[in-house]
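A, B, ... follow the sequence lines: proteins, then strands. Residue 1 opens every chain.
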Amino acid sequence: MAQTLKGADVVIIGLGAAGGIACLPLAEAGLEVVGLEAGTWLTRRDFAPDEIRNNVRDWPQAVQKANHEVPTHRANASAPTTRAASHPMMNGVGGTTLHYWAQSWRLNPWDFKVVSETTRRYGRARIPAESTVEDWPFGYEELEPYYDKVEWETGVSGKAGNLKGELDLRGNVFEGPRQREYPMPPLRGTGFTDLMAAAARGLGWRPFPGPAQINSRTFQDRSPCMYHGYCNRGGCHVDAKNGTNVTTIPRAQKTGRFRVVTRAHVTTIDVDARGRVSGVRYVTDGQEFVQPARVVLLGAYVYENVRLLLLSKSKAFPDGLSNNHGQVGRHYLSHATGASVTALFPFDLNTWYGLPAQGVAVDDWADDNFDHAGLDFIGGGNLWIYSDRRPIQAANMNTFGRAPGWGAQWKAFIRQSADRANTAYLQKTTLPYEANYLDLDPEVRDPLGFPVLRITADYRDNERRIAAFIQDKMEAWYRAAGAIDIVRGPLGTMGPNTHAYGGTRMGDNPETNVVDRWGFSHEVPNLGILGGSVMGTSGAHNPTLTLQALAWRTADHLVRSWKSIAE
Amino acid sequence: MNRRHLLLVVVGTLAVVLAGEARAPQSLIVTSPAIKAGETIPRDYTADGRNISPPLQWSGAPASTREFAVICDDPDVPMPQPFVHWVIYKIPGTATGLPENIPIDPATPMPAEIAGAVQGTSGFRRPIYRGPAPPPGKPHHYHFRVYAIDAVLDLKPGLTKRELLEAIQGHIVGEGELVAIYERKPAPQP
Amino acid sequence: MISRRDLLKVAGAAAAGAATAGAERAALPAGAAPAAHPESLHEQSSPRRPLEALTADEADLLTAIVARLIPSDPSGPGAVEAGAVTYIDRSLAGPLSSSREAYRRGLAALERYATLSRGQPFRELSPTDQDSLLIDVETGGATASGAGFDGSSAAFFAMLKAHTWQGTFGDPYYGGNQGFVGWAMLGYPGVRTAVTPDDQRLGARPVPLRRSAYDTDLFNKA
Ligand SMILES: Cc1cc2nc3c(=O)[nH]c(=O)nc-3n(C[C@H](O)[C@H](O)[C@H](O)COP(=O)(O)OP(=O)(O)OC[C@H]3O[C@@H](n4cnc5c(N)ncnc54)[C@H](O)[C@@H]3O)c2cc1C
């Protein structure tokens with residue numbers, strides 16, 4: 001028998017990057033908020049610098065939810081379906097901000113206006129015909145105050161490149177104008193990243209240190225970064241990584257109006273006779289609870305956001321909640337971060353320490369920062385070089401055809417080369433397409449018996465052309481810094497991704513979008529959606545700061561419009 | 001199929017393939033003291049045995065020959081392109097064959113009579129000979145093809161068959177092959 | 001445990017018998033006298049820890065295999081000395097228990113394949129023939145040999161290699177990387193909990209710290 005609990009003003013499903021932000025403005029505004037989180041609290045004692053635990057095995061989360069419901073994937077509707085063994089999204093208070101890289105980017109103004117800007121500059125025909133891309137319902141300027149808010153409330157280190165229109169080459173001159181500096185200076189450079197920055201300048205490019213949601217000095221009484229490594233899929237042993245677990249969530253709790261419920265696995269969102277959301281159902285250790293709420297905010301990451309909507313069927317919503325226009329699961333995309341470039345140098349790089357957010361970026365070839373008139377694609381890529389190397393990872397390095405993968409010759413190679421290779425992180429514009437979508441898998445189920453999500457998606461020519469273009473640029477950069485050999489990776493497939501977008505896209509047109517410009521459902525007025533699932537474009541930068549700014553904005557809007565939304 | 005027959009087929013094919021070339025390459029006679037044309041390759045040269053490279057011999061190379069190259073592949077695989085088992089080149093023009101058991105350890109020098117020879121990357125992604133290991137069901141044909149080349153080309157070790165053929169294009173003055181078969185029986189049902 | 005000296009004896013005999021120059025050369029790497037190498041003495045004298053999952057036969061075979069994957073040679077110790085087999089054994093008794101059966105079947109198939117293809121158990125083959133055999137397992141050449149690989153022999157090899165690498169280069173807490181031989185091989189300066197700007201300079205060589213993450217008492221044990 002389900003046990004019905006005392007009602008709340010707002011229930012947030014999932015306390016990760018997005019849900020963990022929204023709780024603060026709501027609780028501060030005086031609303032009674034309940035956060036339902038499938039995972040548990042983790043502390044700095046759980047964050048050992050241990051590659052086997054963090055990167056080889058499944059991380060110390062007590063609850064393995066994401067790993068038990070990994071979406072299936074097929075390239076198109078007639079391709080075979082495969083399923084990965086695991087998925088690195090985190091289940092815990094703070095969600096994936098516990099162990100993510102914490103690169104903390106704003107999107108470029110172009111990313112909000114891909115359709116109109118491309119049409120204006122190159123003509124409408126340049127947008128791939130099968131793409132369903134739309135302009136965002138607002139521009140960069142609308143989100144700027146929220147970017148600023150999240151940067152200062154959580155703590156982001158970086159260097160401004162565009163202060164109210166004033167360009168500064170020490171930062172990213174391609175960014176949109178910001179109202180003030182970052183709250184902290186950037187993370188320091190290393191010998192290797194300095195070498196790469198100099199090489200980029202030699203090419204006439206404009207390198208700069210990337211922004212990170214990590215303390216470069218003491219911030220809000222938390223320690224600066226120790227640069228010790230093990231940050232990639234590792235939590236921080238000194239709480240210098242500003243995940244929502246150590247920033248906004250504890251502060252929301254201090255108001256006395258935010259209650260965190262851990263081990264709460266939400267299974268359905270309930271709807272009343274009027275077609276409004278009335279609360280959610282969750283399971284803890286086999287016991288089912290009903291948590292009534294006047295407003296529900298869904299922030300369980302893209303795949304679970306879409307799945308929960310599709311699973312929450314009712315009379316009013318026979319095809320899933322908020323899906324009477326058939327838009328839930330559409331306009332899905334995942335960031336093209338494959339097509340890697342790895343370089344071999346003739347000297348040691350000393351990249352054993354550091355973190356993936358300690359590095360140097362080049363945005364000269366991102367977004368529409370360069371002329372595409374003579375090119376056959378739109379968008380571009382962010383080139384990112386960083387200092388971080390773990391022993392097992394290093395021992396598995398590419399041998400550049402200079403040695404087999406094991407044996408005496410391999411040993412001679414690795415003894416010389418373990419610290420001589422570097423792989424760039426290349427994030428590239430990815431567009432939504434008509435034939436790329438999410439739905440429920442007809443066969444595979446999770447341990448509770450619910451269908452897992454199915455991804456049907458593949459990259460198209462625009463992504464492939466960007467990939468080749470960016471690999472050329474990256475190779476040129478490495479060679480300019482002295483690399484003697486290069487290998488290129490394949491673009492890969494569109495299986496479950498850590499940068500997923502769409503599925504509940506935001507837009508003014510309810511025929512093509514699930515949520516309105518504020519993040520609330522067009523069909524269900526008291527249901528808000530948080531996370532990358534509302535984003536219609538990816539840009540060439542990690543999504544989290546953007547989805548956190550959006551979450552803050554959605555919460556802000558809820559506070560301001562409480563009456564019209566909640567009653 | 002006897003060898004003469006085979007060679008005729010080979011020469012015929014070459015004539016078509018190379019019709020556009022200035023001069024047709026001469027045909028080489030390729031034999032092996034261990035492998036009979038058209039017959040089963042002894043186990044030692046397969047993955048069911050020690051998997052060492054077989055000895056080969058050739059004759060009939062034109063005087064202009066400076067180097068030889070050898071490729072072994074299997075066109076009977078269920079793939080669009082033949083599966084490559086061996087790529088070896090920069091074999092000195094004085095050589096009249098390859099000895100058995102070319103070292104698989106690159107630190108070990110090549111036998112004196114083929115000093116300077118290097119190996120390319122096979123379908124097994126290793127720069128060494130890997131013999132027949134076919135899926136069971138039918139005999140596969142293994143083509144040991146020898147090329148006489150009229151130049152000393154700057155060829156790096158590790159080339160794939162395609163890269164090698166591109167590199168020696170226009171320099172092939174002689175060509176011939178030895179074809180033999182190998183078949184694996186299906187595993188007994190447990 | 002089979003010792004390096006035994007291996008070489010066998011290799012020598014095989015080389016003499018088959019009179020194949022290649023095998024002889026490979027058995028004795030240029031300029032090396034491995035039998036007298038201090039690391040191989042170490043290998044002979046170190047008693048094996050009690051096994052938790054593998055049988056003694058399986059552990060012996062695995063030891064001979066990992067000795068070829070990351071050999072001990074004049075440049076330093078390899079996977080055997082690192083305790084990769086201990087790592088695999090303990091993991092199979094714990095977090096990798098679902099792979100226990102794959103090891104049982106894979107090792108048995110590999111041994112059968114050695115006899116079918118090379119006429120002798122793996123450990124009695126010359127190092128060159130061992131390498132040749134392992135290449136056939138790695139590339140899938142052994143798959144349809146009738147030796148009984150479960151699926152592709154390449155999959156078994158990939159698993160075994162991944163675990164050997166974990167057991168050689170992972171934190172010693174898990175039973176491998178004993179004496180930090182893996183980290184020394186890579187030049188990895190070790191687990192630190194704080195790193196200075198100097199430690200990150202080009203050309204800097206931070207003093208190697210040789211301790212497990214769990215030696216510090218800062219962390220809950222995995
Ligand atoms: C290794 C790694 C590195 C990354 N690096 C970066 C980076 O450098 N920069 C960047 O911008 N992004 C990065 N990302 C992506 C980033 O983590 C995501 O963009 C972000 O966490 C998404 O926020 P979210 O709130 O939607 O999801 P999450 O942060 O994953 O939070 C979702 C939460 O919901 C909970 N939940 C899920 N289902 C339910 C349910 N049914 N009931 C209750 N609770 C539920 C989960 O347990 C989880 O805590 C990285 C990701 C990974 C895996």
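- With hydrogens and angles ignored, the 3.5 Å screen pairs no side-chain donor or acceptor of A:Trp406 with any backbone N or O of C:Lys161.
- Side chains of C:Asp199 and A:Tyr227: a donor-acceptor N/O pair is absent below 3.5 angstrom, by distance only.
- In this structure, the separation between CD1 on A:Ile52 and OG on C:Ser91 is 7.0 Å, given to the nearest 0.5 Å.
- Rounded to the nearest 0.5 angstrom, C:Lys221 NZ and A:Asp46 CG are separated by 13.0 Å.
- For the options A:Thr43, A:Asn396, A:Thr351, A:Thr193, heavy-atom pairs under 4.5 Å to chain C are most numerous at A:Asn396.
- No donor-acceptor pair under 3.5 Å is formed between the side chain of C:Arg201 and the backbone N or O of A:Thr190.
- Contacts of C:Tyr174 with chain A are made by side-chain atoms alone, with heavy-atom separations under 4.5 Å and no backbone atom involved.
- Side chains of A:Gln358 and C:Gln200: a donor-acceptor N/O pair is present below 3.5 angstrom, by distance only.
- In terms of modelled atom types and a separation under 3.5 Å, the side chain of A:Arg415 and the main chain of C:Leu186 share no donor-acceptor contact.
- Residues C:Phe219 and A:Phe47 come closest through the heavy atom pair CE2-O, 3.3 Å.
- Proximity to chain C is limited to the side chain of A:Arg57, based on heavy atoms less than 4.5 angstrom apart.
- Taking a 6.0 Å sphere around CZ of A:Arg188, one finds it holds more than 12 heavy atoms contributed by other residues, nucleotides or ligands.
- Ring orientation note: the planes of C:Phe169 and A:Trp410 are nearly perpendicular, at an angle over 60° on the 30°/60° scale.
- No donor-acceptor pair under 3.5 Å is formed between the side chain of A:Lys411 and the backbone N or O of C:Ser72.
- Considering every non-hydrogen atom in both C:Asp171 and A:Pro49, the closest pair reads OD2-O, 4.5 Å.
- Neither the backbone nor the side chain of A:Arg390 has a heavy atom closer than 4.5 Å to any heavy atom of chain C.
- Considering only heavy-atom pairs separated by less than 4.5 Å from chain A, the leading option among C:Val191, C:Thr193, C:Ile70 is C:Thr193.
- For C:Pro189, the parts sitting under 4.5 Å from any heavy atom of chain A are the backbone and the side chain alike.
- In summary, C:Arg205 and A:Asp348 engage in a salt bridge, as defined by a charged side-chain N under 4.0 Å from a carboxylate O.
- A donor-acceptor contact closer than 3.5 angstrom links the side chains of C:Tyr214 and A:Asp50.
- We find the CZ-CG distance between A:Arg44 and C:Asn220 to be 12.5 Å, quoted to the nearest 0.5 Å.
- Heavy atoms closer than 4.5 Å to chain C are found nowhere in A:Asp194, neither backbone nor side chain.
- Proximity to chain A (any heavy atom under 4.5 Å) is shown, for C:Thr168, by neither the backbone nor the side chain.
- Among the candidates C:Pro197, C:Gly170, C:Ala194, the residue making the largest number of heavy-atom pairs closer than 4.5 Å to chain A is C:Pro197.
- For A:Arg83, the CZ atom sits in a packed shell: over 12 heavy atoms of surrounding residues, nucleotides or ligands are nearer than 6.0 Å.
- Side chain of C:Arg192 to backbone of A:Tyr353: no donor-acceptor contact under 3.5 angstrom is found.
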